[in-house]
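Here is the structure we will look at, set down as structure tokens.
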Protein chains: 2
Amino acid sequence: MEQAKALNFMDFAASLTDLEGEAKEALASKLHTKQYDKGELILETGTVCNRIYFIDSGLVKTFFYTNTREFIMRFFPEGKMFTVLDSFLTRQPSTYSILTLESTHITYLNHADLEQLCARYHSMETFFRKLLSMAALNMMDRIGNTLEEKAQVAYHRFLKEQGKLLQRISLADLASYLGITQVSLSRIRSL
Amino acid sequence: MEQAKALNFMDFAASLTDLEGEAKEALASKLHTKQYDKGELILETGTVCNRIYFIDSGLVKTFFYTNTREFIMRFFPEGKMFTVLDSFLTRQPSTYSILTLESTHITYLNHADLEQLCARYHSMETFFRKLLSMAALNMMDRIGNTLEEKAQVAYHRFLKEQGKLLQRISLADLASYLGITQVSLSRIRSL
DNA sequence: TAGTCTTTTTATCATTTGATAAATGAGGGG
DNA sequence: CCCCTCATTTATCAAATGATAAAAAGACTA
């Protein structure tokens, strides 16, 4: 169920479901693109997330703040789809923000358009269902890991599973992804 | 998006989507029921989870082991649907087990039947999509909380949000849900 | 009621992590 | 090449949690 390496939104969709010609055209006609510089906010806390994004190139993080610290839900590099799922589904203001960690080019689809496409084309609903399945699986994994692991184990797991990303994110960001402080991560790395 | 209080599988499905008569009949014809005593395993680690469950009455936990401890993913009381999502979707052996904490009556649907229903009826696909949405939202919530919270805060949040359940589960189970030891939980409660 | 088993609490000590501050390192612009 | 800024590491101390053992409290049965 790992998402295939897709170059763009349409390929990605096709890798999940066979979209018949008509659905495919309808989907393509609803897509938009946008370019962000490094360090730009794609979505800000308190805003409803109206879009589902595909990353053509670049890297983003989804995160939230508490009183004292920042916590990162996930990183998304090129070839992945993402959104702030709770806000996107419930239409409520998001507690998460999205920030680009690199110059990033995205393709997106609006919530209303997706709903309409799902209502009209069974195959689009299948696509969306599989997308949600992947999202749910990823999150389930993350819960299990977060519950189970000491920071040290979590760090090494990250190295193994997403080591490539380490070249592209700061240690501060990795720490807040792991749920620890940057100082604590530095300590772990030195062992 | 909170699941409405449903008395049975069919009502639950209807609360999420309008199933047309034919789909409704097809679904109803695929449902099975089963009764478990308290403390019975509904699913054991290493087995593929082939079913999606609705709890007519009772209470279960989904959990996994590490070398040293047990961790609980979630509790599910009557009126809720659940499955071991990763195994159910990927068809791989589950790392989670399901155990009844009370005498429990369930209604279930097999994976193959669900797939078939989804392929045949657009409305069933919508139902499944919404089900996955709810599951994903719940898990997202849990990640955020797990990342963010100190055990003490997590305990009080649980009291507030699911306090009723506390009457029905052991403190040991609550501890492993919160990701701490039972001794640690006892300490927190005494503050 | 006494006895037994389970659950919960208390106590002690070692380990992990957070908070804070300071030192070191790396990169960029004058 | 020097200065500035930002990222990372190191050091110190306090707080939270885990591991272990033992005591206390409850639940159930004979």
Side-chain angles (χ1 to χ4, degrees), chain A residues 37-40 59 61 63-72 75 99-103 142-159 162-191, chain B residues 37-40 59 61 63-72 75 99-103 142-159 162-191:
Chain A
D37 288 336
K38 172 176 177 172
E40 272 196 274
L59 178 66
K61 67 176 179 183
F63 64 101
F64 66 96
Y65 290 107
T66 65
N67 300 327
T68 54
R69 293 203 277 157
E70 172 194 301
F71 293 91
I72 293 177
F75 301 106
L99 183 76
T100 58
L101 297 176
E102 300 174 354
S103 169
R142 187 131 161 73
I143 295 173
N145 296 345
T146 307
L147 275 180
E148 173 185 355
E149 291 170 346
K150 299 240 183 309
Q152 194 175 131
V153 180
Y155 170 67
H156 287 107
R157 173 192 287 261
F158 184 90
L159 281 191
Q162 310 193 55
K164 285 178 196 164
L165 269 189
L166 194 52
Q167 317 300 323
R168 299 166 66 185
I169 63 181
S170 71
L171 291 177
D173 272 347
L174 176 54
S176 80
Y177 176 80
L178 298 176
I180 60 178
T181 60
Q182 189 215 25
V183 174
S184 204
L185 174 58
S186 188
R187 222 164 4 201
I188 288 169
R189 281 163 55 87
S190 71
L191 298 183
Chain B
D37 289 335
K38 172 176 177 173
E40 273 196 273
L59 178 66
K61 67 177 178 183
F63 65 101
F64 66 97
Y65 290 107
T66 65
N67 300 328
T68 55
R69 291 203 277 158
E70 172 194 302
F71 293 92
I72 292 177
F75 301 107
L99 183 76
T100 59
L101 298 176
E102 300 175 352
S103 168
R142 187 133 163 70
I143 296 173
N145 296 343
T146 306
L147 274 181
E148 173 185 354
E149 292 170 345
K150 299 241 181 310
Q152 194 176 131
V153 180
Y155 170 66
H156 286 107
R157 174 192 288 261
F158 184 90
L159 280 191
Q162 310 193 54
K164 284 177 194 165
L165 270 189
L166 195 53
Q167 317 300 322
R168 299 165 67 185
I169 64 181
S170 71
L171 291 178
D173 272 347
L174 176 53
S176 79
Y177 175 79
L178 299 176
I180 60 178
T181 60
Q182 189 214 27
V183 174
S184 204
L185 173 58
S186 189
R187 224 165 2 203
I188 287 168
R189 281 162 55 88
S190 70
L191 298 182

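Each chain gets a letter, A, B and so on, in the order its sequence line appears, and its residues count up from 1.
Ile188(A) has its CD1 atom 16 Å from the P atom of dT15(C), to the nearest Å. Look at CZ on Arg69(B): it is 12 Å from P on dT20(D), rounded to the nearest Å. The CG-C1' distance, from Leu171(B) to dT8(C), rounds to 7 Å in whole Å. Residue Tyr155(A) contributes atom OH, which lies 14 Å from atom P of dT17(C) at whole-angstrom precision. Residue Leu101(B) contributes atom CG, which lies 12 Å from atom P of dT7(C) at whole-angstrom precision. Residue Leu191(B) contributes atom CG, which lies 10 Å from atom P of dT17(D) at whole-angstrom precision. Distance Leu185(B) CG to dT9(C) P: 8 Å, rounded to the nearest Å. We find that CG of Leu174(A) is positioned 15 Å from P of dA7(D), with the value rounded to whole Å.
The shortest distance between the side-chain N/O atoms of Ser190(A) and the OP1/OP2 oxygens of dT9(D) is not below 4.0 Å. Remark: Gln182(A) is not in phosphate contact with dA7(D), judged by side-chain N or O atoms under 4.0 Å from OP1 or OP2. At dA16(D), none of the side-chain N or O atoms of Gln152(B) fall inside 4.0 Å of OP1 or OP2 (strictly under the cut-off).
Counting distance only, with no hydrogens placed and no angle test, the side-chain atoms of Arg187(A) and the base atoms of dG18(C) include a donor-acceptor pair under 3.5 Å.
In terms of position along DNA chain C, the nucleotide closest to Ile169(B) lies nearer the 5' end than the nucleotide closest to the other residue of the pair Lys150(A) and Ile169(B). Along DNA chain D, the nucleotide nearest to Ala151(B) and the one nearest to Ala172(A) differ in position, and the one closer to the 5' end is contacted by Ala172(A).
The distance from the CG atom of Asp37(B) to the CD atom of Glu40(B) is 5.0 Å, given to the nearest 0.5 Å. Separation of atoms OG (Ser176(B)) and NZ (Lys61(B)) is listed at 6.0 Å; rounding is to 0.5 Å. Here Glu70(A) contributes atom CD and Leu99(A) contributes atom CG; the two are 8.0 Å apart, rounded to the nearest 0.5 Å. Note that the CG atom of Leu185(B) and the CG atom of Leu171(B) stand 5.5 Å from one another [nearest 0.5 Å].
Ring centroid separation for the pair Phe75(A) and Tyr177(A) comes in under the 6.0 Å cut-off.
Ser186(A) comes within 4.0 angstrom of a base, heavy atoms only.
Of all nucleotides listed (dG18(C), dA19(C), dA11(C)), dA19(C) comes nearest to the side chain of Val183(A).
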